[in-house]
Every structure is written in structure tokens, then in C-alpha cells.
Amino acid sequence: MPEEIKPNVAEASTQDAQLAAQSIASGEEKAPKVDMDADYKAAQQYSVSDVDRTGEGEAAAKAATAPKFEIPKQEETKTQAQSTGNPSDYMDMAKDVGSSANEGVSNVTDDLIQEALKKGQPGK
């Protein structure tokens, strides 16, 4: 369904567009008719190249996107922890963790906390 173009001189972005709009408004030139549906169908024809309509296009696309290097296949590895059953191993770990209790010791007591709560300010 063709539609008639109604140009507006005030909205023309270039001088050529303004001159064309003035000549259409004065009647010197006929307004072009645009068939949107036909133009859309024609555009669809141009959006697919001739190569893509054949098997050649698919082969060219695969060649263009093929990896340049061989990718090795994944191998599944299984890691299993060996249990020793030796209690001294656990004692060594417990000593390492237990020694952290001595680090970062401060002299905060319950009395100091109660006094800070009464003042409403944290201790320094």
C-alpha cells in the first residue's frame, strides 16, 4: 500500500531537503510515493546472498569459523585422599590451629565492656 510523503520544510535537515520540501509544497514537484511493503520484501531478498542459498555458503562459513589449533579432549582425573589413620598427624594439625588462640589476645574484660555500655561509646 503506497504512502505519500508529506515533507515539512521546518524539519528538513539539509538545504537540499529544504528545497525539495518547498518545491513539493508549492506544487512544482510531485511528492514521491513509497510502498513500504514492497520495499520490505525487496530488502529481504537482498539480505541473503547468492552464496548463502547454496551449500557453498555453509562450507565457507564452517571454514571461516573453524578453530586454527587442535583442541585436546578432556580427560577426567580422580583425586583420592589417602587416609593414614595415624593420630599424630591430627595432633600436629590441632597444635597448628590451637596456637592461633594465643594470637591477637587483648585485655578486654567484662567490666570494661559494662563501663563502655554505660558511657554509650566504644572503648579505645
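- The number of heavy atoms from other shown groups lying within 6.0 Å of CD (Gln44) is above 12.
- For Thr65, there are no side chain to side chain contact (heavy atoms under 4.5 Å, CB included) partners two or more places apart in sequence or in a different chain.
- You'll find the side chain of Asp35 stays beyond 4.5 Å of the side chain of Lys33, heavy atoms only.
- Across every non-hydrogen atom of Ser23 and Ala20, the tightest pair is OG-O, 2.9 Å.
- A search for side chain to side chain contact (heavy atoms under 4.5 Å, CB included) contacts involving Asn8 returns Ala10, Glu11, not counting sequence neighbours.
- In this structure, the side chain to side chain contact (heavy atoms under 4.5 Å, CB included) partners of Ala21, at least two apart in sequence or on a different chain, are Pro7, Val9.
- The environment of CG in Asp39 is crowded: more than 12 heavy-atom neighbours from other residues, nucleotides or ligands sit within 6.0 Å.
- Distance check: Lys41 NZ to Asp37 CG gives 6.5 Å after rounding to the nearest 0.5 Å.
- Residues passing the side-chain hydrogen bond (donor to acceptor under 3.5 Å, both in side chains) test with Tyr46: none are found, sequence neighbours excluded.
- Sorted by first and then second residue, the pairs that involve residues 54-72 and meet salt bridge (charged side-chain N to carboxylate O under 4.0 Å, His left out), not counting sequence neighbours, are Glu58-Lys62.
- Applying the side chain to side chain contact (heavy atoms under 4.5 Å, CB included) rule to Ala31 yields the partners Glu4, Ile24; only residues at least two apart in sequence or on another chain are considered.
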